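First comes the structure, then the notes that go with it.
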Amino acid sequence: GCSLTHSMTMLMTVISAHHTSASSFPDSKLQKFVTVDCGTKAMYVTPGTQPRVTAVWRHGADGTMQRVNDASLLEKLRYDWAGFGDEHAKVFWPDGSDLLQLNDVLEVIVAHCDPTINL
């Protein structure tokens, strides 16, 4: 059989970390979020289809980028551009833990690629 994978991903960086707001998750009263440098100017918005975070990269003690291999982390993360404008967006999750750190790099599969590439 044929195994297809995504041909394009996009990187975004955490530029402000560890904010708390009311939760949009049914089983949680609060949610944590970080601000990323990837708003609607960088990524086209397709209503009803969210970009999916596929990897998190973090600076190691030696200065190199190291992939955070935690499938449960990736399952919790959600991208939202609402209210953050053209330049920024937020990535949030349902519990109070500090899953993401300042300067983490997130790799995402974009929902709609041709307008994103054209920008």
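Quick caveat: nothing in here was measured; it's all calculated off a predicted structure. All values below come from the heavy atoms of this structure, side chains included, with hydrogens, waters and symmetry mates left out.
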Gap between atom [atom2] of [Y] and atom [atom1] of [X] - 0.5 Å precision:
X: K32; Y: K76; atom1: NZ; atom2: NZ; value: 13.0 Å
X: L74; Y: T54; atom1: CG; atom2: OG1; value: 7.0 Å
X: F33; Y: L77; atom1: CZ; atom2: CG; value: 14.0 Å
X: W93; Y: E75; atom1: CH2; atom2: CD; value: 15.5 Å
X: M12; Y: Y79; atom1: CE; atom2: OH; value: 5.0 Å

### Query
Between the main-chain N or O of D37 and the side-chain N or O of T13, is there a donor-acceptor pair closer than 3.5 Å?
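Such a contact is absent between T13 side chain and D37 backbone.
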### Query
Quick check: does any side chain N or O of D80 sit under 3.5 Å from a backbone N or O of K90, one acting as donor and the other as acceptor?
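Looks like no, no N/O pair under 3.5 Å.
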#### Entry: Qualifying residue for side chain to side chain contact (heavy atoms under 4.5 Å, CB included) with L100, from L102, D104, N103
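Filter result, single survivor: D104.
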### Result of checking V36, V108, T35, V56 against V91 for side chain to side chain contact (heavy atoms under 4.5 Å, CB included)
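So the option named by the test is V36.
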Do [X] and [Y] have side chains that get closer than 4.5 Å, going by heavy atoms?
X: V14; Y: V105; value: no
X: V53; Y: E107; value: no
X: R58; Y: M65; value: no
X: L11; Y: L106; value: no

### Message
If hydrophobic clusters are built from ILVMFWY residues whose side chains come within less than 4.5 Å, do L73 and W57 share one?
### Response
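No, separate clusters.
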### Query
Shortest non-hydrogen contact from C38 to A89?
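Smallest interatomic distance, heavy atoms only, reads O-CB, 3.3 Å.
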